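Predicted model, so just to flag it, every value in this text is computed and none were measured. Counting from 1, the numbers follow the sequence of the chain as shown.
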Amino acid sequence: MQLYVNDEPVLSEHNTLSALLESYVSTEQRVAVAVNQQVVPRSLWSDCLLKDNDRIDIFESIAGG
């Protein structure tokens with residue numbers, strides 16, 4: 001299916017958000033993820049089913065002061 005990850009077109013066979021993110025994010029990284037502009041809590045990543053043309057935005061946490 002065609003997805004957009006951080007506005008980049010991606011062809012993917014992953015049908016869940018957690019499966020897709022394994023390709024993009026290490027388990028230690030602290031990130032926030034939105035699908036179609038809706039934030040998805042980490043606890044729901046494995047339940048979040050992806051559909052053709054979904055837009056996934058991955059935001060990295062940045063420490064600062």
Side-chain angles (χ1 to χ4, degrees):
M1 81 178 94
Q2 177 75 48
L3 301 171
Y4 296 88
V5 178
N6 292 342
D7 293 325
E8 295 292 325
V10 173
L11 288 176
S12 177
E13 295 181 14
H14 300 296
N15 64 348
T16 65
L17 183 59
S18 62
L20 176 73
L21 290 175
E22 287 177 8
S23 303
Y24 289 90
V25 179
S26 76
T27 56
E28 294 84 36
Q29 275 184 288
R30 299 183 70 140
V31 297
V33 179
V35 176
N36 300 322
Q37 299 182 340
Q38 295 285 81
V39 174
V40 179
R42 184 181 290 262
S43 61
L44 298 179
W45 288 359
S46 60
D47 296 328
C48 182
L49 298 177
L50 299 174
K51 300 179 298 297
D52 200 37
N53 292 313
D54 274 351
R55 294 187 172 274
I56 296 93
D57 295 300
I58 303 170
F59 306 96
E60 291 186 59
S61 295
I62 299 174

Check: Side chains of V25 and V33: does their closest heavy-atom pair fall under 4.5 Å?
Finding: no

Notebook entry, point to check: Do T16 and L49 have side-chain heavy atoms sitting under 4.5 Å apart?
Noted result: yes

Note to self: Would you say that H14 contacts L21 through its side chain, given a criterion of any heavy-atom pair below 4.5 Å between the two side chains?
What the structure shows: no

Next item on the list: Determine whether more than 12 heavy atoms belonging to other residues, nucleotides or ligands lie under 6.0 Å from atom CD of Q2.
Entry: yes

Check: Taking all non-hydrogen atoms of both residues, which atom of I58 and which atom of N6 are closest, and how far apart?
Finding: N-OD1, 2.8 Å

Next item on the list: Locate the shortest heavy-atom distance separating V31 from W45; write the atom from each residue and the value.
Entry: CG2-CH2, 3.7 Å

Item checked: Considering all heavy atoms, the nearest Y24-L20 contact -> CD1-O, 3.4 Å

Item checked: Residue pair D47 / S43: nearest heavy atoms and the distance that separates them -> OD2-O, 4.5 Å

Notebook entry, point to check: Between S18 and S46, what is the shortest heavy-atom contact and its length?
Noted result: OG-CA, 3.3 Å

Check: Would you say D52 has more than 12 foreign heavy atoms packed within less than 6.0 Å of its CG?
Finding: yes

Item checked: The single option from D54, V35, N53 passing side chain to side chain contact (heavy atoms under 4.5 Å, CB included) against L3 -> D54

Notebook entry, point to check: Can you name the closest pair of heavy atoms from M1 and K51 and give their distance?
Noted result: SD-C, 3.5 Å

Item checked: Interatomic spacing from SG in C48 to CD1 in I56 - rounded to 0.5 Å -> 8.0 Å

